[in-house]
Student: 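Mind having a look at this structure? Questions to follow.
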Amino acid sequence: MRASVIGLGKLGAPLSAVLASKGHQVIGVDINLLFVDAINQGKAPVEEPRLQELIDASKGRLTATTNYEKAILGSDITFVILPTPTDENGIFTNKYVIESLKSIGTALRRKEGYHVVNITSTVMPGSCEGEIRAALEASSGRSVGKDLGLCYNPEFIALGSVVQDMLYPDMILLGESDPRSGEMLESIYKTSCENNPPIMRMNLVNAELTKISVNTFVTTKISYANMLADICERLPGADVEVVTTAVGMDSRIGRKYLKGAIGYGGPCFPRDNVAFAKLAHSLGAKPDLAEATDRLNNYQIDRLTAAAKKMLAGRRHVGILGLSYKPNTPVVEESQGVELAAHLADEGLTVTVYDPLALSNAMVELKDKVIAVGSAEDCVKSADVVIISTAWAEFKQIPASAFARKEGRIAVLDCWRLLPTELQSVADLHYMGIGAIGRT
Ligand SMILES: NC(=O)c1ccc[n+]([C@@H]2O[C@H](COP(=O)([O-])OP(=O)(O)OC[C@H]3O[C@@H](n4cnc5c(N)ncnc54)[C@H](O)[C@@H]3O)[C@@H](O)[C@H]2O)c1
């Protein structure tokens, strides 16, 4: 198949590489010339595990341009993967998508034959049958359903494992304006996925609602587990690790994302939850569950701050290990580690930070509030209390010598209960894995 991909960012670049590596002819479009040049030079425009490997495997089937017409005329299906930022009312705006559809439609006027436009960006339910369809029909002069297909097909990926998640998805969610467009997209996924996932085909609005429902169900689960951790820290003998492990064994519940650690962050979860609540409000439905999930999430920074202060016991130096919102990505959007570092610095504490990939991104936000260091070991050596806020694997390797103190004890607040048990019991270390009094 010949595919064009509009937007070569964190999602668009990996999708382009996955499709091209599976034998499709892919032409990417971006307004960022650096990204276009990177793709044309065979280099990954964004940092993501395995992306470079797949670009290498694409063997000339992957090119990029800034020219919409070239991309549309050279493809049969167009994936639109552009930002849909949240506006001041908490809902996703389609302005970049609509702008792009004008260029896509204008180019389609010069193209013969059937073409599918597939929206991958996260949009508010009702967008595709509403302003997206209207913009596309107006600019192309075609009618959706006849010689033009419109699909809504978001990806369920997490940064840091985008390629893996695209190759082995739990399902493909496919909203379609008509069966022909859905079949075309289904045939692509039959070649690009390595695990033969279920393909859930439905109308456009059901797919739009499913996308944010999946994310908001997961955020509810995270907040639920964090609420349990908070309870366990106050209930003698209770341990969130033990409780969530057993609760998750129930097949109606499942263990994924039921950890009891810190709040959710990143470019999707927080804003999806807010938008979901706004949607419910706008329809006159009760958004209580989504709003409670957010309230609990916002409370996590206060909870960690209180725990850190208790462990400091009057001392002043905190080390934060982990600034990316999750491991294996440099992304710091809505990161709990960054928020915590800023919060503790605002309280007058000295804060040292380290992250394997996200340090420079985080420092753009944190500026001179905190001190950046070049290794996890240096961060630990300088601090009275260390907080492990992101579950980077390399933190498990910090040598015991880094925790040694001439006098007093360093305290570690391990939000992910990551440190090896041998380390937890070294003499100079006061260890607290979140979610149990007994571990302190
Ligand atoms: N990043 C994630 O984890 C994730 C997960 C699920 C869904 N999404 C959704 O996917 C969409 C894209 O997210 P992303 O993280 O890839 O964004 P991104 O900001 O990383 O990438 C967007 C790209 O689009 C380009 N661009 C902007 N305007 C353009 C235009 N008019 N024409 C061509 N290119 C243009 C930008 O230069 C950028 O390279 C959003 O709706 C997001 O909500 C993202």
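Start at 1 and go down the list; that is how both ligands and their atoms are numbered. As the structure is a prediction and not an experimental result, all values here were calculated from the model.
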Student: Suppose we measure from atom 10 (O) of ligand 1 to each protein heavy atom; which comes out shortest, and what is that distance?
Tutor: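 The closest heavy atom on the protein side is L11 CD2, 3.3 Å.
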
Student: Within less than 4.0 angstrom of ligand 1, does P154 place any heavy atom?
Tutor: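 No heavy atom of P154 comes that close to ligand 1.
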
Student: Could an N or O of ligand 1 be found under 3.5 Å from any N or O of T84, whether backbone or side chain?
Tutor: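 Yes: some nitrogen or oxygen of T84 is under 3.5 Å from one in ligand 1.
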
Student: Quick one: nearest non-hydrogen protein atom to atom 12 (C) of ligand 1, plus distance?
Tutor: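 For this ligand atom, the closest protein heavy atom is L82 O, 3.6 Å.
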
Student: What is the closest protein heavy atom to atom 28 (N) of ligand 1, and at what distance does it sit?
Tutor: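 Closest protein heavy atom to atom 28 (N) of ligand 1: I31 CD1, 3.5 Å.
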
Student: Side chains of Y264 and D294 only: does a donor on one sit below 3.5 Å from an acceptor on the other?
Tutor: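 A pair is found: one side chain offers a donor N or O, the other an acceptor, under 3.5 Å apart.
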
Student: I need the nearest protein heavy-atom contact for atom 17 (O) of ligand 1: residue, atom name and distance, please.
Tutor: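 Result for atom 17 (O) of ligand 1: K10 NZ, 4.1 Å.
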
Student: Atom 36 (C) of ligand 1: which protein heavy atom is closest, and how many Å away?
Tutor: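 Heavy-atom neighbour on the protein nearest atom 36 (C) of ligand 1: D30 OD1, 3.5 Å.
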
Student: Are N94 and S127 linked by a side-chain donor-acceptor pair shorter than 3.5 Å?
Tutor: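 Yes, because at least one side-chain N or O of N94 sits under 3.5 Å from a partner of the opposite role on S127.
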
Student: Would you check if there is a donor-acceptor pair between the side chains of S4 and T78 at a distance under 3.5 Å?
Tutor: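 There is such a pair (donor and acceptor under 3.5 Å, judged by atom type) between the side chains of T78 and S4.
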
Student: Which residue is it: T220, T210, D272? I am looking for the one with a side chain to side chain donor-acceptor pair (under 3.5 Å) to N215.
Tutor: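 For N215, the side chain to side chain donor-acceptor pair (under 3.5 Å) check succeeds only for D272.
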
Student: Between the side chains of Y431 and D414, does any donor sit under 3.5 Å from an acceptor?
Tutor: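 There is such a pair between these side chains.
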
Student: Could you tell me the residue and atom name of the protein heavy atom closest to atom 1 (N) of ligand 1, and the distance to it rounded to 0.1 Å?
Tutor: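 For atom 1 (N) of ligand 1, the nearest protein heavy atom comes out as L159 CD2, 3.6 Å.
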
Student: For the backbone of G42 and the side chain of Q52, can you confirm whether one donor and one acceptor N or O come within less than 3.5 Å of each other?
Tutor: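 Here the side-chain-to-backbone pair exists.
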
Student: Suppose we measure from atom 21 (O) of ligand 1 to each protein heavy atom; which comes out shortest, and what is that distance?
Tutor: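 Ranked first by proximity to atom 21 (O) of ligand 1 is G9 CA, 3.2 Å.
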
Student: Below 4.0 angstrom from a heavy atom of F35, which ligand 1 atoms are there? Numbered from 1 as shown, please.
Tutor: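 Going through ligand 1 atom by atom, the ones under 4.0 Å from F35 are 39 (O).
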
Student: Looking at ligand 1, does any of its N/O atoms fall within less than 3.5 Å of an N/O of E155?
Tutor: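 No - when backbone and side-chain N and O of E155 are compared with those of ligand 1, no distance drops under 3.5 Å.
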
Student: With heavy-atom distances below 4.0 Å as the criterion, list the atoms of ligand 1 near K211.
Tutor: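 Near K211, meaning under 4.0 Å from one of its heavy atoms, ligand 1 has 6 (C).
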
Student: Under 4.0 Å from a heavy atom of Y68: which atoms of ligand 1 are those, numbered in the order shown and with their elements?
Tutor: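 Once the distances to Y68 are compared, the set is 30 (C), 31 (N), 32 (N), 33 (C).
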
Student: Would you confirm whether R201, through its side chain, and P179, through its main-chain N or O, come within 3.5 Å as a donor-acceptor pair?
Tutor: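 Pair found, side chain donor or acceptor close to backbone of P179.
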
Student: Which is closest to atom 42 (C) of ligand 1 by heavy-atom distance: E48, R271, E333?
Tutor: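 Considering heavy atoms of E48, R271, E333, the nearest to atom 42 (C) of ligand 1 sits in R271.
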
Student: For ligand 1, does F269 get within less than 4.0 Å through its side chain, its backbone, both, or neither, judged by non-hydrogen atoms?
Tutor: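 It is neither; nothing of F269 touches ligand 1.
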
Student: Should the pair R252-D250 be classified as a salt bridge under the 4.0 Å nitrogen-to-oxygen rule?
Tutor: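 The answer is yes: the pair qualifies as a salt bridge.
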
Student: What are the two closest heavy atoms between S177 and G145, and how far apart are they?
Tutor: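 Scanning both residues completely, I find the closest heavy atoms to be OG-N, 4.5 Å.
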
Student: In terms of residue, atom name and distance, what is the protein heavy atom nearest to atom 5 (C) of ligand 1?
Tutor: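 For this ligand atom, the closest protein heavy atom is C268 SG, 3.2 Å.
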
Student: Could you please spell out the steps behind the salt bridge (charged side-chain N to carboxylate O under 4.0 Å, His left out) verdict for K95 and E131?
Tutor: CA-CA 10 Å; K95 59 182 176 184; E131 61 175 345; over 6 Å; no

